[in-house]
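Beneath this line is the structure, given in structure tokens, with notes to follow.
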Amino acid sequence: MPKLPAVQLPSPRVLSRSIAVELLTEDVTVGVETTVSYTSRDPYALSILFHLPGDVPVLWRIDREMVLAGSLAPTGEGEVRVLPAPEGKVFLRLGPAGHCAMVRCVREELARLVHDTLALVPQGTEERHIDWQPLLDFLRH
């Protein structure tokens, strides 16, 4: 099978920012150090890394458009839900029902981060930033 011509990808663009997040439990609310990052090589998703005291950090990947939509109305299904919360906050419910974590963060802070990713990779241009060659090479073998 002939190899496809090489496609010139735009230069990778990366964004990383710490945000304030609260883990909500039945008994207590705990602040958790959190880093949200984005790379244009995986243009549809945000990576949210929760730095838990004494544990290995926990990584969740969330669709960036879901974050924006969920700040206005409940969205998502399965293990990831985003819901508006009172006082300018947003809830992220992560994990299966009954065994999930509920975190809360400032809606404006999260929305600004998503808007910054849209400046790096505008909606509708995401596929131009994905390097499909490794997948194509794997499928050929």
Side-chain angles (χ1 to χ4, degrees), residues 1 3-141:
M1 180 180 288
K3 190 170 184 170
L4 296 174
V7 175
Q8 183 64 35
L9 294 171
S11 297
R13 298 174 183 147
V14 177
L15 174 72
S16 184
R17 193 171 296 153
S18 294
I19 65 168
V21 170
E22 299 169 309
L23 174 63
L24 308 176
T25 71
E26 291 181 26
D27 303 322
V28 68
T29 299
V30 179
V32 176
E33 184 182 334
T34 305
T35 305
V36 180
S37 58
Y38 175 82
T39 175
S40 61
R41 289 296 181 251
D42 187 8
Y44 294 102
L46 297 174
S47 294
I48 304 176
L49 188 63
F50 298 96
H51 306 278
L52 304 172
D55 281 332
V56 174
V58 175
L59 176 67
W60 278 87
R61 301 181 42 66
I62 300 177
D63 181 274
R64 67 181 183 165
E65 290 183 31
M66 179 190 292
V67 171
L68 287 179
S71 67
L72 302 174
T75 190
E77 56 186 56
E79 293 193 1
V80 178
R81 302 259 309 151
V82 183
L83 311 115
E87 301 174 4
K89 307 273 178 123
V90 65
F91 291 125
L92 303 175
R93 193 193 82 196
L94 307 169
H99 295 15
C100 62
M102 182 72 80
V103 296
R104 178 175 57 198
C105 58
V106 176
R107 180 180 334 180
E108 181 59 34
E109 190 174 6
L110 198 55
R112 186 177 15 205
L113 191 144
V114 174
H115 284 290
D116 289 348
T117 72
L118 293 170
L120 296 177
V121 178
Q123 286 176 306
T125 68
E126 293 93 348
E127 68 281 350
R128 291 186 225 153
H129 294 266
I130 299 172
D131 184 1
W132 295 105
Q133 196 58 52
L135 175 62
L136 295 171
D137 291 345
F138 174 79
L139 293 174
R140 280 196 204 106
H141 292 90

Considering non-hydrogen atoms only, spot the tightest contact between Cys105 and Ala20 and give its length.
CB-O, 3.4 Å
Test side chain to side chain contact (heavy atoms under 4.5 Å, CB included), reference Ser40, set His129, Glu126, Arg128, output is His129
Could you measure the distance from the CG atom of Leu120 to the CG atom of Leu15? Nearest 0.5 Å is fine.
6.0 Å
Ile130 side, atom CD1; Tyr44 side, atom OH - distance, nearest 0.5 Å:
5.0 Å
Closest heavy-atom contact between Met66 and Thr75?
O-CG2, 3.3 Å
CG-OG1 distance between Leu92 and Thr34, expressed to the nearest 0.5 angstrom
9.5 Å
Once rounded to the nearest 0.5 Å, what's the spacing between atom OG of Ser11 and atom CZ of Arg41?
7.5 Å
Once you round to the nearest 0.5 Å, how far does OG1 of Thr117 lie from NE2 of His115?
9.0 Å
Going by heavy atoms in the side chains, are Tyr38 and Val121 under 4.5 Å from each other?
yes
Minimum heavy-atom distance Arg64-Pro43, with the two atoms named:
NE-O, 3.3 Å
One should read off an interatomic distance between Arg112 CZ and Arg17 CZ, to the nearest 0.5 angstrom, of 7.0 Å
Going by side chain to side chain contact (heavy atoms under 4.5 Å, CB included), Leu110 matches just one of Val90, Val82, Ile62, Val21. Which one?
Val90
Would you name the heavy atoms of Ala85 and Phe91 that are closest together and state the gap between them?
CB-CE1, 3.4 Å
Are there more than 12 heavy atoms of other residues, nucleotides or ligands under 6.0 Å from atom CD of Glu77?
no
Taking side chain as C-beta onward, heavy atoms only, is Ser37 less than 4.5 Å from Val14?
no
